[in-house]
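Read the structure below first, then the notes.
Below, all heavy atoms of this structure are taken into account, side chains as well, without hydrogens, waters or symmetry copies. In this text, all values refer to a predicted model and were calculated from it rather than measured experimentally. We name chains A, B, ... by the order of the sequence lines, and we start the count at 1 in each one.
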2 protein chains.
Amino acid sequence: MISPPSYRSHPSPFESGLRSDGKRMTPQRKKVLSLFEEIGSGIHLSAEEVHSKLTISGEKVSLATIYRTLRLLVKMTFLNELDLSEGGNRFELLSHDHPDHHHLICIRCGRTEEFENNNVINAGKEAATNFGFKLLESSLNVRALCPKCSNK
Amino acid sequence: MISPPSYRSHPSPFESGLRSDGKRMTPQRKKVLSLFEEIGSGIHLSAEEVHSKLTISGEKVSLATIYRTLRLLVKMTFLNELDLSEGGNRFELLSHDHPDHHHLICIRCGRTEEFENNNVINAGKEAATNFGFKLLESSLNVRALCPKCSNK
DNA sequence: CCTTTTGTTGCGAGCTGTTCTCATTACGCT
DNA sequence: AGCGTAATGAGAACAGCTCGCAACAAAAGG
Ligand SMILES: [Mn+2]
Ligand SMILES: [Mn+2]
Ligand SMILES: [Zn+2]
Ligand SMILES: [Zn+2]
């Protein structure tokens with residue numbers, strides 16, 4: 001029989017964020033966030049894809065819980081939600097070094113590249129200011145054809 | 001009994017665009033495009049809204065036909081399709097003086113303002129060039145709170 | 001510990017926006 | 001007017017997502 005460590009281990013930022021809000025850490029939540037962390041940033045997964053990736057690696061989490069958890073992780077700013085037009089929404093690990101990147105999407109094959117541009121960020125700020133709006137977030141989606149799809 | 005005019009009237013750009021592609025002008029198609037033209041640019045309508053506006057003014061066009069026609073009008077570049085995240089997609093008359101405008105959206109009440117910014121356009125071009133993509137279109141969506149929704 | 005409380009899950013039903021199927025209609029051409 | 005074929009209307013189907021609720025499980029209290 002293994003006894004738990006006698007010291008109190010540091011809770012992860014995820015766990016303490018949950019706790020401080022009366023919410024609980026669960027295996028399902030851990031699995032979803034871990035998937036994104038293992039896969040790294042710059043990868044954009046749909047809820048369906050999260051579900052099948054977990055299923056394939058033997059972890060059973062219901063689709064409804066995945067949707068709930070994704071929403072939660074977005075609200076907690078661990079994930080970023082993308083609306084790339086075609087198909088369902090996608091989610092990516094929110095990297096704190098590149099929080100404001102934008103996306104270049106091949107509308108044929110779905111290949112997606114990321115880029116940053118301060119002018120875009122400023123354009124959003126400026127527009128919000130001009131109309132007296134309080135800026136939340138601005139996202140530039142560039143729809144295009146990748147080299148492979150472009151020459152036939 | 002009224003006879004049709006004996007001269008051949010100039011077909012509209014819409015009609016000639018259709019004809020040149022083996023497609024036909026129909027009352028339904030005319031009604032949908034006319035609605036957008038009468039209502040003017042800068043107005044963003046969902047398919048459902050197009051349907052109810054036509055229904056209210058006594059024009060009966062089925063919802064399926066409206067979806068088909070909206071797709072067609074986008075492909076023919078008479079309309080622009082917006083993906084403002086929340087709810088269904090919206091459509092607007094594509095004004096040829098302001099083809100590349102962007103949108104500032106209040107996520108609470110839906111109020112939407114338009115703005116133009118050359119830096120944004122250039123950012124899209126630049127990103128496409130850097131990755132060897134062929135640019136199709138780029139759209140900046142700024143999510144924010146309008147003054148009314150922002151203070152309470 | 002056992003009990004209570006309360007947040008969370010899984011499942012299926014439900015919902016919303018959009019597309020599809022197919023029988024019927026009607027545009028455009030002669 | 002008649003023909004070929006595109007387009008429509010009506011409803012079924014679909015995709016993506018949310019909800020309701022019973023079963024479950026983590027905290028909290030005794
Ligand atoms: Mn990204
Ligand atoms: Mn607009
Ligand atoms: Zn491609
Ligand atoms: Zn508002």
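- Across the interface with DNA chain C, nearest-nucleotide mapping of A:Leu18 and B:Ser46 shows A:Leu18 to be the residue nearer the 5′ end.
- Taking atom NE2 of residue A:His51 and atom P of nucleotide D:dT18, one finds them 15 Å apart after rounding to whole Å.
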Under 4.0 Å protein heavy-atom contacts per nucleotide of nucleotides 23-30 of chain D, with B for base, S for backbone only and - for none:
--BBS---
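- Taking atom CG on B:Leu54 and atom P on D:dG9, their separation rounds to 11 Å, with Å as the unit.
- Against DNA chain D, the stretch residues 59-79 of chain A makes heavy-atom approaches under 4.0 Å through A:Ala64, A:Tyr67, A:Arg68.
- Salt-bridge annotation for B:Lys53 and B:Glu49: absent, with no side-chain N of the basic residue lying under 4.0 Å from a carboxylate O of the acidic one.
- The aromatic ring centres of B:Phe78 and B:Phe14 sit less than 6.0 Å apart.
- B:Lys30 has its NZ atom 13 Å from the C1' atom of C:dA26, to the nearest Å.
- The heavy-atom pair separating B:Gly124 from B:Leu135 by the smallest distance is O-CD1, 4.3 Å.
- Atom pair B:Asp21:CG and C:dG28:C1' shows a separation of 15 Å (rounding to whole Å applied).
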Stepwise side chain to side chain donor-acceptor pair (under 3.5 Å) check, A:His98 with A:Glu114:
CA-CA 10 Å; A:His98 306 287; A:Glu114 312 191 328; over 6 Å; no
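- Contact annotation: B:Gln28 reaches the phosphate of D:dG9 (side-chain N/O to OP1 or OP2, under 4.0 Å).
- Ring geometry for A:His101 versus A:His44: interplanar angle of 30 to 60°, hence tilted.
- Here the closest heavy-atom approach between residue A:Val74 and residue A:Asn80 is recorded as CG2-C, 4.5 Å.
- Residues satisfying the ring pair (Phe, Tyr, Trp, His ring centres under 6.0 Å) test with B:Phe131, not counting sequence neighbours, are none.
- Atom pair B:Arg29:CZ and D:dG9:C1' shows a separation of 14 Å (rounding to whole Å applied).
- In this structure, B:Glu92 does not pair ionically with B:Arg90, as no charged nitrogen and carboxylate oxygen lie closer than 4.0 Å.
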